[in-house]
Amino acid sequence: MKKLSKHVGFGGTSAMVGAMIGAMAGTFSPNAFADEFPSKTITMVIPFAAGGPTDTVGRLVGQSMGKELKQTVIIENVGGAGGTVGAAKVARSAPDGYTIFLHHIGHSTAPALYKKMSYNPIDDFEPIGLVTDVPMTIVARKDFPAKDFKEMVTYVKANAAKLNYANAGLGSASHLCGMLFMSTVEADMTTVPFKGTGPAMTDLLAGQVDLMCDQTTNTTSQIKGEKIKAYAVTTKNKVPSLPDIPTADSQGLKGFDVAVWHGLYAPKATPKPALDKLQAALLVALKDPEVVKRMADLGTEPVAPARATPAALKAHLKSEIDRWGPIIKKAGVYAD
Ligand code: ASP
């Protein structure tokens with residue numbers, strides 16, 4: 001793997017399945033499938049470790065979708081390499097409606113970062129819908145020697161060589177935000193990759209890593225419990241659930257604006273009746289008062305119904321791939 005801790009100059013911040021199942025079972029009736037789906041447990045693959053922000057969103061939405069579908073949605077955490085290990089697994093999974101996949105912005109950055117990929121983020125997946133856009137926070141271990149953002153930046157610039165910065169691997173949101181931060185303040189800390197920011201948070205809480213940039217879905221309760229220090233939120237506007245944390249933009253990092261979009265997918269060629277039911281359940285989950293409340297507590301909200309659609313996710317993924325590709329190439333950041 002090539003070194004990726006270099007500064008990144010970011011510019012601102014079925015028919016086929018019918019035939020397959022028919023061949024296996026001898027017969028295939030799309031109508032019977034549509035009526036019966038889902039008749040067993042659904043697995044939602046999360047391409048990061050348990051306990052992290054993507055996992056939190058997945059469990060929340062999956063549980064509510066399960067209520068609607070009258071089947072359990074279990075979570076399978078397949079972390080590693082910024083989400084590409086989990087994505088590769090889903091791309092190879094049976095397209096039968098029983099495997100779904102929650103990923104984030106990393107699904108769009110991977111093609112530019114990884115030279116060799118065993119899957120194509122667009123061609124190997126069926127989009128179901130966008131889920132939520134989550135702000136991030138720049139946080140540090142509790143005893144980090146800086147009382148505010150300005151002092152933190154000064155300290156980081158003076159001590160970059162001895163500081164480390166946790167992330168969830170190349171192309172993860174924490175990686176992108178950290179690279180953007182380091183390039184903006186011109187400080188090159190050592191990056192420490194984890195299989196997700198759940199375990200990274202454990203090490204931050206233990207003081208074993210110094211800094212991290214991560215979704216509010218992972219940092220809010222630790223910030224409120226004063227277990228970590230928070231220096232900034234990464235969005236243009238402040239986050240209502242963290243009213244005391246100023247934006248990075250307002251503290252000198254003009255134009256710093258990073259939020260992490262999440263999308264729900266299925267493997268390519270998943271039958272349309274299953275996709276339709278999954279999407280309908282997603283829409284219900286995103287309006288579920290419990291989901292809305294919990295997301296609000298964690299600094300985010302579900303996307304509007306018009307965005308929780310296959311067409312909206314497909315268009316967004318494509319535009320994000322187009323947006324990130326040139327930025328990442330220009331920065332010369334890549335992995336083998
Ligand atoms: N927050 C992580 C990221 O940096 C992923 C996770 O563990 O959810 O992409």
Side-chain angles (χ1 to χ4, degrees), residues 4-5 8 10 13 44-62 75-87 89-90 100-114 121 131-140 164-182 189 191-205 209-223 228 230 233-235 239 258-265 294-295 298-300 317 320 324 328 333 335:
L4 279 182
S5 62
V8 182
F10 292 109
T13 67
M44 181 190 283
V45 175
I46 305 281
F48 297 105
T54 312
D55 181 71
T56 298
V57 170
R59 284 175 198 269
L60 204 54
V61 172
I75 302 295
E76 184 182 355
N77 298 94
V78 187
T84 56
V85 175
K89 178 167 183 185
V90 173
I100 53 177
F101 179 47
L102 182 75
H103 200 354
H104 65 25
I105 188 170
H107 205 41
S108 66
T109 58
L113 283 165
Y114 291 86
V131 177
T132 178
D133 302 303
V134 186
M136 302 188 86
T137 42
I138 300 174
V139 294
N164 58 41
Y165 171 88
N167 69 31
L170 306 172
S172 64
S174 44
H175 168 239
L176 297 168
C177 180
M179 292 297 105
L180 176 56
F181 173 71
M182 287 193 254
M189 293 179 272
T191 54
V192 184
F194 291 78
K195 284 194 172 174
T197 45
M201 177 60 82
T202 305
D203 277 22
L204 191 72
L205 289 166
V209 288
D210 298 303
L211 288 139
M212 176 160 80
C213 178
D214 201 22
Q215 288 108 299
T216 54
T217 34
N218 199 30
T219 59
T220 301
S221 60
Q222 309 297 0
I223 294 169
I228 55 175
V233 296
T234 63
T235 38
V239 175
V258 189
V260 185
W261 61 270
H262 295 67
L264 189 66
Y265 310 80
R294 186 83 186 109
M295 282 198 183
L298 295 173
T300 186
L317 175 63
E320 284 284 280
W324 284 104
I328 291 167
V333 178

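Order of listing sets the numbers, starting from 1, for every ligand and every atom in it.
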| query | Please walk me through it: do Asp203 and Phe194 pass side-chain contact (heavy atoms from CB on, under 4.5 Å)? | reply | CA-CA 10 Å; Asp203 277 22; Phe194 291 78; 3.5 Å; yes
Notebook entry, point to check: Strictly by modelled atom types, are Thr219 and Thr137 linked by a side-chain donor-acceptor pair under 3.5 Å?
Noted result: yes
Per side-chain contact (heavy atoms from CB on, under 4.5 Å), Asn218 is matched among Thr197, Leu204, Val139, Val57 by Thr197
Measure and list all N/O to N/O distances between ligand 1 and the protein that fall under 3.5 angstrom.
from: ligand 1; atom 1: 1 (N); to: Thr197; atom 2: OG1; distance (Å): 2.7
from: ligand 1; atom 1: 1 (N); to: Asp214; atom 2: OD1; distance (Å): 2.7
from: ligand 1; atom 1: 1 (N); to: Gln215; atom 2: OE1; distance (Å): 2.5
from: ligand 1; atom 1: 4 (O); to: Ala173; atom 2: N; distance (Å): 3.4
from: ligand 1; atom 1: 4 (O); to: Ser174; atom 2: N; distance (Å): 2.7
from: ligand 1; atom 1: 4 (O); to: Ser174; atom 2: OG; distance (Å): 2.4
from: ligand 1; atom 1: 7 (O); to: Thr197; atom 2: N; distance (Å): 2.8
from: ligand 1; atom 1: 7 (O); to: Thr197; atom 2: OG1; distance (Å): 3.3
from: ligand 1; atom 1: 8 (O); to: Thr54; atom 2: N; distance (Å): 2.9
from: ligand 1; atom 1: 8 (O); to: Thr54; atom 2: OG1; distance (Å): 2.6
from: ligand 1; atom 1: 9 (O); to: His104; atom 2: NE2; distance (Å): 2.6
from: ligand 1; atom 1: 9 (O); to: Ala173; atom 2: N; distance (Å): 2.8

Short side-chain to backbone donor-acceptor contact, Ser172 and Gly82, under 3.5 Å
no
**Report entry** Backbone N/O of Val209 and side chain of Tyr165: donor-acceptor pair under 3.5 Å
**Finding:** no
The ring-ring contact (aromatic ring centres under 6.0 Å, His included) partners of His262 (sequence neighbours excluded) come to His104
